[in-house]
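Here the structure comes first, spelled out in structure tokens, and everything after it is commentary.
Proteins get letters first, then strands, A, B, ... in listed order; numbering begins at 1 in each.
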2 protein chains.
Amino acid sequence: MRVKTAQLRKGTGLGQAKRIASSGHIPLPRGGSAHAAVAEALGTRIVRGEFPPGGILPNEARWALDFRVSRSVVREAIKMLAAKNLLTSRPKVGSRVEPREHWNLLDHEVLAWYTSGPNRANILRSLQQFRHIIEPEAAALAAEYRSAEQMEQISIACQRMATAPNLAERSAADVRFHVEILKASGNELLLPLGVMIDSALKNLFVLITVEAGDLHHAQDLHNNIEKAIRQQKPNAARVAVRKLLENSDNMIGKWIGKGTRR
Amino acid sequence: MRVKTAQLRKGTGLGQAKRIASSGHIPLPRGGSAHAAVAEALGTRIVRGEFPPGGILPNEARWALDFRVSRSVVREAIKMLAAKNLLTSRPKVGSRVEPREHWNLLDHEVLAWYTSGPNRANILRSLQQFRHIIEPEAAALAAEYRSAEQMEQISIACQRMATAPNLAERSAADVRFHVEILKASGNELLLPLGVMIDSALKNLFVLITVEAGDLHHAQDLHNNIEKAIRQQKPNAARVAVRKLLENSDNMIGKWIGKGTRR
DNA sequence: TTGTCTTATTTGTCTGACAATTGCGGGAGT
DNA sequence: ACTCCCGCAATTGTCAGACAAATAAGACAA
């Protein structure tokens with residue numbers, strides 16, 4: 001965070017209130033670099049719908065005033081958002097928010113902004129549903145095409161899950177287990193997608209682990225997956241993963257049922 | 001393109017050849033804005049493996065010299081690549097290329113750079129495989145949860161495919177058909193993912209359409225999908241989509257078999 | 001050998017200026 | 001009154017130079 005302490009510009013009582021107010025000083029979250037902070041602030045507000053798709057947002061100079069940063073910083077932030085397809089910029093017209101279907105929702109930053117917003121329940125549901133689509137097929141592909149080394153990695157992760165001394169390490173091994181399966185699937189796109197899903201559901205993940213009173217059962221489910229892949233039985237792998245997901249669905253159901261508000 | 005004609009810096013015979021050569025003038029593709037051009041140039045070279053993951057790339061000043069642009073432009077380009085997780089920057093150390101599994105492969109620009117590179121066959125194979133995983137389930141979900149309006153849109157697209165006067169319009173209707181199904185699936189992540197896949201396979205798409213001597217057959221396959229979703233039969237929808245994909249697999253096989261090099 | 005200090009390099013930020021683009025309104029011509 | 005063209009102004013795009021901050025690497029002392 002490089003924002004100067006002093007350097008308060010004088011009044012700037014320029015008459016505006018044209019398109020959107022957005023007046024006054026907006027404090028930036030401390031800790032990172034300024035452009036990242038601005039990008040996060042803008043990105044969050046866009047994703048939350050504060051600036052509707054198709055709309056024009058305030059110009060760079062205005063943001064510079066509001067955030068008390070230079071225009072360079074604002075520009076770099078806007079370029080980052082443009083790289084995520086949240087908006088496009090054109091001279092004279094400004095930066096226009098793209099329609100939602102153009103947004104790169106698969107970007108983990110965008111996803112994080114999304115899950116911090118109002119309709120996070122909706123997106124979390126979509127994510128879990130996504131796992132049902134992706135993971136059984138990934139396991140089936142892994143069972144079919146895995147190499148010996150990849151199998152080795154999967155087994156290591158599985159064993160580490162079983163012998164983990166605490167929940168944190170167990171959760172880490174769990175993620176590793178998933179990732180290794182995705183790697184073994186041989187599909188280059190499955191890996192980043194799976195990583196993205198896992199990191200987005202990370203919170204959910206540890207909660208499930210905590211909630212699972214019956215760790216033995218959960219471990220059995222994982223062992224079954226490992227075995228199916230080891231024996232190169234795609235269908236068995238599919239079924240085993242479905243069982244595991246079913247289990248975690250139940251955990252989520254319990255968790256929601258418990259009335260865990262926010 | 002805003003690069004000045006004049007303004008040729010003098011010699012700059014500074015001794016270096018430190019990490020990577022990259023000396024001399026690198027011309028930028030004409031047509032867009034400078035930062036977009038630089039981002040594309042750098043992104044392409046990174047994705048193609050010219051700068052290996054974990055490596056440090058030349059500093060901003062150097063790129064500014066090589067591309068004959070200001071450092072601001074280089075910085076904005078680098079920020080765009082950082083937003084796609086291709087690299088991270090830290091003071092004093094420079095910009096380091098991230099490991100490939102961190103790259104946002106689901107970004108359509110990154111994907112485009114990828115498909116223009118050497119191992120495009122590999123990535124195209126992964127994409128088509130992806131369709132086998134995604135689309136049947138999407139259609140099943142659509143069959144289950146579609147609204148009346150969504151069904152209407154799907155039918156319209158299907159009919160428009162049948163009555164299209166030329167290949168271009170037929171291809172457009174085809175894409176629309178897919179997108180409407182994804183929308184009807186009710187999963188917010190399926191839509192952007194599907195759009196991304198379709199746009200990446202666009203070229204492949206039209207080729208398939210061209211290649212398909214038997215348009216009637218292809219249309220029947222689409223009609224079956226439409227019917228299954230209309231009748232809200234998820235399993236039938238899954239099967240119908242699988243048939244369609246099988247057909248397009250065959251077309252791709254034929255096309256490759258024909259010896260279409262390059 | 002180890003810990004600390006200095007230094008050099010690189011990104012980060014600020015500032016001010018000008019260029020390029022283009023939506024919009026006003027004026028000329030019919 | 002209507003249409004077309006042109007200049008204006010607002011906004012992003014680009015440039016240049018300066019300084020701040022961070023930190024890796026080497027120098028030096030204990």
Side-chain angles (χ1 to χ4, degrees), chain A residues 1-10 12 14-20 22 28 30-39 42 55-83 87-97, chain B residues 1-10 12 14-16 18-20 22 28 30-39 42 55-82 87-97:
Chain A
M1 187 49 112
R2 222 66 76 70
V3 181
K4 298 296 183 42
T5 57
Q7 187 188 358
L8 30 147
R9 272 97 166 174
K10 48 299 271 284
T12 77
L14 46 91
Q16 22 51 324
K18 262 277 193 64
R19 324 212 213 205
I20 302 177
S22 129
L28 249 43
R30 314 270 162 158
S33 46
H35 55 256
V38 171
L42 288 183
I56 303 285
L57 31 83
N59 63 37
E60 296 172 349
R62 166 135 298 277
W63 288 121
L65 290 178
D66 287 351
F67 287 122
R68 305 261 212 273
V69 295
S70 68
R71 191 158 80 97
S72 322
V73 168
V74 174
R75 281 186 60 77
E76 287 176 8
I78 286 182
K79 285 293 160 295
M80 290 198 283
L81 299 182
L87 50 83
T88 56
S89 298
R90 286 173 56 199
K92 162 70 184 179
V93 44
S95 294
R96 159 172 282 118
V97 178
Chain B
M1 189 48 109
R2 222 70 75 68
V3 181
K4 296 295 183 44
T5 57
Q7 186 188 353
L8 31 146
R9 271 98 167 173
K10 50 296 275 271
T12 77
L14 47 89
Q16 21 53 320
K18 262 279 193 62
R19 325 212 211 201
I20 302 177
S22 127
L28 249 43
R30 314 271 162 162
S33 46
H35 55 256
V38 171
L42 287 183
I56 302 284
L57 34 83
N59 64 36
E60 296 171 351
R62 166 133 298 274
W63 287 121
L65 290 178
D66 287 350
F67 286 124
R68 304 262 210 273
V69 295
S70 66
R71 190 157 80 97
S72 321
V73 168
V74 173
R75 282 186 59 78
E76 287 176 8
I78 286 182
K79 287 293 161 293
M80 290 199 284
L81 299 183
L87 49 82
T88 56
S89 298
R90 286 174 56 200
K92 164 72 184 180
V93 44
S95 295
R96 160 173 282 117
V97 178

* To do: Please state how far atom CG in A:L87 lies from atom P in D:dT11, giving the value in whole angstrom units.
  => 16 Å
* Nearest to the side chain of A:V69 - C:dT11, C:dC14, C:dT13? -> C:dC14
* Asked: Within the pair A:R75 and D:dT12, is there a side-chain N or O less than 4.0 Å away from OP1 or OP2?
  -> no
* Asked: Rounded to whole angstroms, how far apart are CG on A:L81 and C1' on D:dT12?
  -> 16 Å
* Asked: So among B:T88, B:V97, B:L42, B:L57, which one has a side-chain contact (heavy atoms from CB on, under 4.5 Å) with B:L81?
  -> B:L42
* Atom NE2 of B:H35 and atom C1' of D:dC15: how far apart are they, to the nearest Å? -> 14 Å
* Asked: To the nearest Å, how far apart are B:E76 CD and D:dG13 P?
  -> 7 Å
* **Inter-residue atom distance A:I56.CD1 - A:R90.CZ, 0.5 Å rounding** => 9.0 Å
* Structure fact -> Of the candidates D:dT12, D:dT14, C:dG12, the side chain of A:S89 sits closest to D:dT12
* **Phosphate OP1/OP2 of D:dG13: any A:K79 side-chain N/O under 4.0 Å** => yes
* Value in whole Å for how far the P atom of C:dG12 lies from CG of A:L28 -> 16 Å
* Structure fact -> Against the side chain of A:P91, the closest entry in C:dT13, C:dT21, D:dT14 is C:dT21
* Asked: Between the base of C:dT10 and the side chain of B:R96, is there a donor-acceptor distance below 3.5 Å?
  -> no
* Asked: Taking CZ from B:R62 and C1' from C:dT9, how many angstroms apart are they, rounded to a whole number?
  -> 15 Å
* Spacing between B:N59 atom CG and C:dA8 atom C1', to the nearest angstrom -> 13 Å
* Using the closest heavy atom to pick a nucleotide of DNA chain C for each, name whichever of B:E60 or A:R71 lands nearer the 5' end. => B:E60
* Asked: On DNA chain D, nearest-nucleotide positions of A:S72 versus A:I78: which is more 5'?
  -> A:I78
* Those residues that, when tested against A:S72, pass side chain to side chain donor-acceptor pair (under 3.5 Å) (two or more places apart) -> none
* Asked: Given B:E60, which of B:V73, B:L65, B:V74 fulfils the side-chain contact (heavy atoms from CB on, under 4.5 Å) condition?
  -> B:V74
Could you pull out the protein-nucleic contacts involving nucleotides 23-25 of chain C (nitrogen or oxygen on both sides, under 3.5 Å)?
| unit_1 | atom_1 | unit_2 | atom_2 | d |
| --- | --- | --- | --- | --- |
| C:dG23 | OP1 | A:R90 | NH2 | 2.9 |

* Structure fact -> Picking from C:dC14, D:dT14, D:dT12, the nucleotide nearest the side-chain atoms of B:V73 would be D:dT14
* In whole angstrom, give the distance that lies between atom CH2 of B:W63 and atom C1' of C:dT11. => 16 Å
